Amino acid sequence: MLFLLFSFHFCLMRRTYIQATPVKRLCKTHNTITVNGMYPGPTLEVNNGDTLVVKVTNKARYNVTIHWHGVRQMRTAWADGPEFVTQCPIRPGMSYTYRFTIQGQEGTLWWHAHSSWLRATVYGALIIHPKEGSSYPFPKPKRETPILLGEWWDANPIDVVRQATRTGAAPNISDAYTINGQPGDLYNCSSQDTVVVPIDSGETNLLRVINSGLNQPLFFTIANHQFTVVGADASYLKPFTTSVIMLGPGQTTDVLIKGDQPPSRYYLAARAYASAPNAPFDNTTTTAILEYKSAPCPAKKGLSIRPVMPPLPAFNDTATVTAFTKKLRSPQKVEVPTDIDESLFFTVGLGLNNCPRNFRSSRCQGPNGTRFTASMNNVSFVLPSNFSLLQAHHHGIPGVFTTDFPGNPPLKFDYTGNVSRSLWQPVPGTKLYKLEYGSRVQIVLQDTSIFTPENHPIHIHGYDFYIIAEGFGNFNPKTDTSKFNLVDPPLRNTVGVPVGGWAVIRFVADNPGVWLMHCHLDVHITWGLAMAFLVENGVTELEKLEAPPPDYPVC
Ligand code: C2O
């Protein structure tokens, strides 16, 4: 059990508990690590500018850390949360207090455990309202509802990942998706508890949709209703309408819906966008019910109105994903960094390690007796275990990491073509890439077809970035620069790199510390699809990392 206590600048104190709670889903009950006995955990609602103080006491039997996904953490990298990157884990029975300020971000973020696969059940919404006295750039919605899309295993998720690490095979797929913790009517044993989202005729409501699933990008839609997309990853967007959205794990999207349909019941539904050809995935559909307050009361009539089911794109409908992401724009002209100081090119993709000599075949259950792995620029990221990277950096502790992460692929090849098997085995390492304070960074993220191409949701800690272009095939610096949107690209913290394609992002390295960049599919981070930036201090005090907090956990 974890104990969380948080307060904002106006000294409001609240207490929440994370604990092992029996949770029943899909006919089965098992002990689940929860927050306050809640799954998902409590929603944090704050204002832009608030300082949060969150004391976490770990009363569970696993190590844990909490990450505030998308919070910029200016100069407070100590509070970012990824285990062994910015902190050692909070051991069972121990506590750690996270302190950080929300600066200039408005919209929807979320928090989640950042240790092993605990975030399967340890997560919740982090809603950032505009500063006191300012308002949304759209008419104030009547109601606001967080919609947390999750992924459920009928087993302890820690056992699932441990088994995969033992065998080298892909982990078991999930047994259900969930909306606010409930799978919904289309599964056995869960229909009484399906989540109901209220609406009234004529009103406009805001849905804050979060993909908190572990391993699966998801399509999300509502029967007979259009979405007006107004924000993503706590940045506003130029509003546009669509009937379906797609979110990779880690991403959030704020949408307005209007109560303009006959009063009745309509399904909200989510299911997989599975872009890797021939890879097994959870093909189920989760639902919640949009219910008009004036809908005929089923209980009174002794019959239940079956909600209207929306159509959903096919699991491999990449065209719909592309059409959707193309529409994401900042509301107005923005200052995209130009005069790039660091032009980086990172391949992102899977790999297969040959079975080590001393391993039994039971440990090499990947394709053809191999073990799955993954890498960026052929480096498969290995976390340290004795110090956090940030601590090692701040105190100059040698031997924990090196700063030779390659800025370009060590070998150029046809990334999305037929890649020779000799290139499928990456090299393990704890390599960081050093960035000078204030440098203007561009990264081309290039998917590879090693083992399989796939849409990878790549997330950077401590930063938002502009996504200035996306495309398919290999990025071509001669022709593809003409596609760069330097006017109104969207600002995000997680980009879905198109399957068998590339994305180009830009940001200014104005936040000192050690910042993890990784695929937000937990199965891929487990295999090493990550790296970290070391952003050096600037000159003035306000450009330097703060001192570590007194209760900073030791390994
Ligand atoms: Cu939302 Cu490193 O994670």
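Remember, predicted model here, so these are calculated numbers, not experimental data. Remember, it's 1-based here, ligands and their atoms both numbered in the order they're listed. All heavy atoms count here, side chains included; hydrogens, waters and symmetry mates do not.
- When distances from atom 1 (Cu) of ligand 1 to the N, O or S atoms of H69 are compared, ND1 comes out shortest.
- A salt bridge is defined here as a Lys NZ or Arg NE, NH1 or NH2 lying under 4.0 Å from an Asp or Glu carboxylate O, and D510 with R72 meets this definition.
- Looking at E144 and R208, a side-chain N of the basic residue comes within less than 4.0 Å of a carboxylate O on the acidic one, giving a salt bridge.
- Using bins of under 30°, 30° to 60° and over 60° for the plane-to-plane angle, the ring pair W110/Y123 lands in the perpendicular bin.
- With salt bridges taken as basic N to acidic carboxylate O contacts below 4.0 Å, one links D522 and R119.
- For H112 atom NE2 and H520 atom NE2, the angle they make at atom 1 (Cu) of ligand 1 is roughly 110°, to 10 degrees.
- Using a 3.5 Å distance cut-off with no hydrogens or angles, the side chains of H67 and D80 do pair a donor with an acceptor.
- Here H114 reaches atom 2 (Cu) of ligand 1: one of its N/O/S atoms is less than 2.8 Å from the metal.
- Counting backbone and side-chain atoms alike, H67 contributes no N/O/S atom closer than 2.8 Å to atom 1 (Cu) of ligand 1.
- Residue contacts to atom 2 (Cu) of ligand 1: H461 brings an N, O or S atom closer than 2.8 Å.
- The atom name of the N/O/S atom in H518 closest to atom 2 (Cu) of ligand 1 is NE2.
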